[in-house]
Amino acid sequence: MRLFVSEGAPGSLPVLAAAERAQGRAELLISTVGPEDCVVPFLTWPKVPVLQLDSGNYLFSTSAICRYFFLLSGWEQDDLTNQWLEWEATELQPALSAALYYLVVQGKKGEDVLGLVRRALTHIDQSLSRQSCSFLVGETESLADIVLWGALYPLLQDPAYLPEELGALHSWFQTLSSQEPCQRAAETVLKQQGILALRPYLQKQPQPSSLERRVVSNEPEEEELATLSEEDIATAVTAWEKGLGSLPPLRPKQIPVLPVAGERNVLITSALPYVNNVPHLGNIIGCVLSADVFARYSRLRQWNTLYLCGTDEYGTATETKAMEEGLTPQEICDKYHVIHANIYHWFNISFDIFGRTTTPQQTQITQDIFQRLWNRGFVLQDTVEQLRCERCARFLADRFVEGVCPFCGYEEARGDQCDKCGKLINATELKKPQCKVCRSCPVVKSSQHLFLDLPKLEDRLEEWLGKTLSGSDWTPNARFIIRSWLRDGLKPRCITRDLKWGTPVPLKGFEDKVFYVWFDATFGYLSITANYTDQWERWWKNPEQVNLYQFMAKDNVPFHGLVFPCSALGAEDNYTLVSHLIATEYLNYEDGKFSKSRGVGVFGDMAQDTGIPADIWRFYLLYIRPEGQDSAFSWTDLLLKNNSELLNNLGNFINRAGMFVSKFFGGYVPEMMLTSDDQRLLAHVTLELQHYHQLLEKVRIRDALRSILTISRHGNQYIQVNEPWKRIKGSEADRQRAGTVTGLAVNIAALLSIMLQPYMPTVSATIAAQLQLPPPACSILPTDFLCTLPAGHQIGTVSPLFQKLENDQIESLRQRFGGGQAKASPKPAVVETVTAAGSQQIQVLMDEVTKQGNIVRELKAQKADKNQVAAEVAKLLDLKKQLALAEGKPLETPKGKKKK
């Protein structure tokens, strides 16, 4: 092998550091070439680093070369490393390239440089802090560490660009920089010249795209106005003058919504939430809220749109919850379905259908797909070694087993997947497994089960993905997850379980089993549609005319992007498959995770009790939507975004524009005589509106929200520069100018109203009512900035849209949702019980304990079903707990039985 590197080429740093991995395992010649030497014969431009393999092939991607060296050393690939490499390529490198260009070529310094990479550096620091490891993937140096270190070294070697507050990043960087392979790599590439050694190389590179367009940031910043041509301005003025007459006719609303030939038919789904869990803010932004924004946008574009979701109701989770609450599984589903529906209603989620999976249609559709797969030879039978909890007297579903991951050592891995390394796990592979219900150690027992033969379907899946991905808007993490599954090779997956609560298996010998929820839950989209209309097949067996968008968190990607497509392709019934798979990363809470049991974080049923309106929650969750990486909810940041972006920016502009019309012009929009500066503003607003459309069409929901705030800032600046409150008191020309500025500003406010509708529907409707927008302006989102409020239009009463959040209010909420409520709530209950519990109440409880004890003894004597016995025992224990509290006794920890 021969490795070509060049002095001053930043990509040479990580490959030289990684090259030492290959020493003694392969013969490697390292050659230093000039920056203009073409070493790859089929490339017409210089490219280093390059690795020429013994076979004559070339590797010229920095991460690919590093990966090759690591593989030679015996390193095994893992998903977490691959995720870091994809992040480095898509998120870090664009920002870093721009920062280095600013620093080395343009001579910029300080925040001009650091501001471009601060977000990326913070992400690395937070990741290192959260996992409490020395390196990115664990306790030992990995491929990800070397690639990211090599990318960052030219910049971070200068302490001015390594913020002191990022302690974990600082420690990680210093640890790697002190290693001999990294030191030698730095000496070879930088030649003791520091970052100036990169200048000849960077001067020959094209100006980074991040400098050519606005860098997307989490923080508001002064936007540089784009360069406009005379044609841009003329086109914007022409569109403005056409007004509402240029809008297409409003499409009539049909119920049920069905595909229409020749139109754009958009089918949108949110991942079905487990019925027995109350969704927290991360669940809400991960699927239903993100999908709602896109559904509302699609309707504003006059696309024929159907948006559906529902509760996923089958499986062990439901059975266990029913046992805990002393209800039947159906009663649990009925209870929590209403809770989910109420939460989403409060958040203003615009489902066309919110259904459920416990329906006859679900059984019929699932069994039909299974029979088609069975008849075509895509289902296998095999004996499965399963974990069974003897104490709970049941086989344990994968998600109700917890233990140590056999791959990465994570101590809270589930029985189907490790949340840390992302690998799929068979429950029997877990080390130190525990039943999550009773915490006892389960035993391994065998049972006959059915398997979906994924290897047999792999070629069909690959062919379908090849046709689908190239023209789709699958998110990068979704593409990566599916690629990693296929790279490792598909394996048969069990589709049945030894449960009672589920879709029955229609096969002789399997009458006592049900389908595993991950197999049939995705068919819930079809059955929910079938409950909505008996013409459901026009949506779900119509791939030629239907565009299917599916929204979810990244942990649901394998089931939607692989298992459901394989099932549908194997069934050979012309099913509509996902066109655009939109997956978010995870939303964390402050410095940790949401936990209902510990009282940490805001859950859907709690948000409405905070006094903060639903639209504010929607805005903030969408502002921090975890699109490219994990993000975190922060009370302090919520306060800042509400008070700065909503109150001082958006609300301030819309209120001022409306108030000027009311105060200075009697509530009627004044005449507008546009100057060349006004026409330029029209063009700038039009460009930002078109950027908004481009982003939302690509489902970049968070970034499109920034376009709304940018237009609002342009409007505030326009008012501030032109000062209509002063001009209205001046000459006739001044008063005319005040009228033009006010008329143009209130039209920008009208545009913002419709742009806001997908994000903040209640606020949007309030603005529309205050400005008395014509109906078409409330229902159709134009692609150009139109004059929707012509001179003479009368507006309504204008009032403030937002309220300031106060520090003490937010601090109180932080304390309430920081775990304190879970710890503090039992205390008052105990005090009240002890105080109020007289001898009569204690006697009642003693009688109930005796009565319940007799019920348990009779059931045991009759050798009744163990699940029934367990449910009655749980009631007995709860009564004993109440009695102990009433008597003022401390609660005892249950003791295990002694061995004889």
If we ignore angles and hydrogens, is there a donor and acceptor under 3.5 Å between the side chains of [X] and [Y]?
X	Y	result
T122	D125	no
S55	N57	yes
D473	Y549	no

Measure the shortest side-chain to side-chain distance between [X] and [Y] over non-hydrogen atoms and say whether it is less than 4.5 angstrom.
X	Y	answer
W485	V557	no
V578	W464	yes
I482	L581	no
V699	V293	no
L143	V137	no

> Are the charged groups of E688 and R713 less than 4.0 angstrom apart, N to O?
Replying inline: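 Salt bridge between E688 and R713, a charged N being under 4.0 Å from a carboxylate O: no.
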>> Regarding E590 and R814, does a basic nitrogen lie under 4.0 Å from an acidic carboxylate oxygen?
In response: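 Salt bridge: yes.
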Please output the side-chain donor-acceptor pairs of residues 148-158 that fall under 3.5 Å, not counting sequence neighbours, one pair per line with the distance.
unit_1, atom_1, unit_2, atom_2, d
W149, NE1, S177, OG, 3.0
Q157, NE2, P154, O, 3.2
D158, OD1, A160, N, 3.0

>> Name the residue from Q629, R625, K554 that meets the side chain to side chain donor-acceptor pair (under 3.5 Å) definition with E585.
In response: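 One option only clears the test, and that one is K554.
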Side-chain donor-acceptor distances from residues 63-72 under 3.5 Å, at least two apart:
unit_1, atom_1, unit_2, atom_2, d
S63, OG, S61, OG, 3.3
R67, NH1, Q77, OE1, 2.7
R67, NH1, N82, OD1, 3.1
R67, NH2, N82, OD1, 3.1

> Does any pair with a residue in residues 166-187 pass salt bridge (charged side-chain N to carboxylate O under 4.0 Å, His left out), and if so which ones, sequence neighbours excluded?
Replying inline: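 Output for this query lists E20-R184, E180-R184.
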>> I'd like to know whether F135 forms a side chain to side chain contact (heavy atoms under 4.5 Å, CB included) with L176, so could you lay out the CA-CA distance, the side-chain angles of the two residues, the decisive distance to 0.1 Å, and finally the verdict.
In response: CA-CA 9 Å; F135 298 98; L176 288 167; 3.8 Å; yes
>> How close do E627 and D703 get, counting heavy atoms only, and between which atoms?
In response: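 Closest approach of E627 to D703, heavy atoms only: OE2-N, 4.2 Å.
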> Got a sec, which residues hit side-chain contact (heavy atoms from CB on, under 4.5 Å) with E462, two or more places apart in sequence or on another chain?
Replying inline: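 Once residues adjacent in sequence are excluded, the partners of E462 under the side-chain contact (heavy atoms from CB on, under 4.5 Å) criterion are E458, L486.
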Show me, pair by pair, the donor-acceptor contacts under 3.5 angstrom made by side chains of residues 107-115, not counting sequence neighbours?
unit_1, atom_1, unit_2, atom_2, d
E111, OE1, R118, NH2, 2.8
E111, OE2, R118, NH2, 3.4

> For W87, which residues count as a ring-ring contact (aromatic ring centres under 6.0 Å, His included) partner, sequence neighbours excluded?
Replying inline: W84, H123
> If only atom types and distance count, is the side chain of S290 paired as donor or acceptor with the main-chain N or O of G286 below 3.5 Å?
Replying inline: no
>> Heavy-atom count check: over 12 atoms from other residues, nucleotides or ligands less than 6.0 Å from E411 CD?
In response: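 Counting other residues, nucleotides and ligands, CD of E411 stays at 12 neighbours or fewer.
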> In terms of the angle between their ring planes, are F594 and Y589 parallel, tilted or perpendicular, with boundaries placed at 30° and 60°?
Replying inline: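 Rings of F594 and Y589: tilted, 30 to 60°.
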